[in-house]
Amino acid sequence: MSTVPDDIFLIWEDEEPGGRQWWLARAHDVAGEEKEFFIAEDDLAGYLVGVVRCPPAARYRVIAAVPLPDPAARSIVIADIKTAAANWLASGLRGNLWRWRLTRWSKLAWSHFPTALAGFSVGGALGLLVAFFAVSSGLVGWPMLAAGLVIGAGSGPALKFLVDRRPKNAVAGPWTHFAIIALGAVMGAVLTAGGVFALFWGG
């Protein structure tokens, strides 16, 4: 554990157990440019993170992240982040955050994988239907575009059903959830239709 510089002193306010604040501890530094420090829990990655904000800016910067393998060790981890915040205030350097970022992004991607797979499946079925319709009917150009729009509009209820099935504890909001489904559907449709067209019209 690193030591706190002698000339750095932050008065921390810890949140009471069972409190409703999003932060676990906070402190203010009014020397020079005012800064606000917060310690919060990243439930997705299983880390406690320290962030800083310089009013009136609204953006928070992560300056420290420590894994929390055991809830019983929370007070120890909070103390480590308090030390890291003081060290950041003295040096302006952030801690090594690559492991936290990698863990968070991997768990975020895994949590959205079923949603993306569902959208990809719907899009794949749609692309297969459009491709076989184009191959069997021989329609090209504007008639095929109109037919594709009609078939695509018919898939709207299926995509809406997937959006409505969003888990209540999902990390992302409804718009992010919709974007993931829509992107998965587009990729599924493009790959499936492209494969069918290449198979039947490649020669």
Side-chain angles (χ1 to χ4, degrees), residues 1-119 163 165-184:
M1 180 185 300
S2 59
T3 59
V4 180
D6 295 334
D7 57 341
I8 299 298
F9 185 70
L10 291 173
I11 300 177
W12 289 88
E13 172 190 354
D14 294 333
E15 173 65 0
E16 295 293 333
R20 296 183 179 181
Q21 297 287 353
W22 63 270
W23 47 267
L24 302 176
R26 67 177 180 180
H28 295 267
D29 174 60
V30 295
E33 182 183 9
E34 181 180 358
K35 300 178 182 65
E36 297 178 344
F37 295 90
F38 296 92
I39 298 175
E41 184 171 1
D42 182 359
D43 295 330
L44 179 63
Y47 275 65
L48 293 189
V49 295
V51 299
V52 62
R53 185 177 76 93
C54 299
R59 184 178 179 182
Y60 294 86
R61 290 190 296 168
V62 178
I63 59 175
V66 181
L68 183 64
D70 185 0
R74 175 173 294 185
S75 59
I76 299 176
V77 176
I78 289 178
D80 289 343
I81 297 182
K82 289 179 179 179
T83 301
N87 289 329
W88 178 89
L89 192 60
S91 63
L93 299 177
R94 303 189 195 186
N96 192 351
L97 304 176
W98 67 268
R99 184 175 298 176
W100 165 70
R101 296 186 190 279
L102 181 61
T103 301
R104 180 172 178 79
W105 278 107
S106 60
K107 290 190 176 182
L108 188 62
W110 180 252
S111 67
H112 289 311
F113 178 75
T115 300
L117 182 61
V163 173
R165 295 285 295 177
R166 179 177 62 91
K168 295 182 179 180
N169 60 349
V171 175
W175 284 108
T176 302
H177 193 75
F178 174 77
I180 293 172
I181 291 178
L183 182 60

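Note that these values count all heavy atoms, side chains included, but never hydrogens, waters or copies made by symmetry.
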### Query
With under 30° as parallel and over 60° as perpendicular, where do the rings of Trp22 and Phe38 fit, or are they tilted in between?
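Tilted: the ring planes of Trp22 and Phe38 meet at 30° to 60°.
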Evaluate the side-chain proximity of [Y] to [X]: yes if any heavy-atom separation is below 4.5 Å, no if none is.
{"X": "Trp23", "Y": "Glu13", "value": "yes"}
{"X": "Val62", "Y": "Trp100", "value": "yes"}
{"X": "Arg26", "Y": "Glu36", "value": "no"}
{"X": "Ile63", "Y": "Phe37", "value": "yes"}
{"X": "Lys82", "Y": "Leu10", "value": "no"}

Non-hydrogen atoms of [X] and [Y] that approach each other most closely:
{"X": "Glu34", "Y": "Pro55", "answer": "O-CD, 3.4 Å"}
{"X": "Ala64", "Y": "Ile81", "answer": "CB-CG2, 4.3 Å"}
{"X": "Pro114", "Y": "Ser111", "answer": "CD-O, 3.7 Å"}
{"X": "Arg59", "Y": "Arg53", "answer": "O-CG, 3.5 Å"}
{"X": "Val49", "Y": "Ala65", "answer": "CG1-CB, 3.9 Å"}

With rounding to the nearest 0.5 angstrom, report the [atom1] to [atom2] distance, [X] to [Y].
{"X": "Trp12", "Y": "Ile78", "atom1": "CH2", "atom2": "CD1", "value": "9.5 Å"}
{"X": "Trp88", "Y": "Arg61", "atom1": "CH2", "atom2": "CZ", "value": "4.5 Å"}
{"X": "Ile76", "Y": "Leu48", "atom1": "CD1", "atom2": "CG", "value": "11.5 Å"}
{"X": "Leu68", "Y": "Asp70", "atom1": "CG", "atom2": "CG", "value": "7.5 Å"}
{"X": "Leu89", "Y": "Asp29", "atom1": "CG", "atom2": "CG", "value": "4.5 Å"}
{"X": "Arg104", "Y": "Asp43", "atom1": "CZ", "atom2": "CG", "value": "9.5 Å"}

### Query
Can any side-chain N or O of Arg99 pair as donor or acceptor with the backbone N or O of Thr103 at less than 3.5 Å?
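Judged by distance alone, no pair lies under 3.5 Å.
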### Message
Would you say CH2 of Trp110 has more than 12 non-hydrogen atoms from neighbouring residues, nucleotides or ligands within 6.0 angstrom?
### Response
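Counting neighbours around CH2 of Trp110, 12 or fewer heavy atoms of other residues, nucleotides or ligands fall under 6.0 Å, so no.
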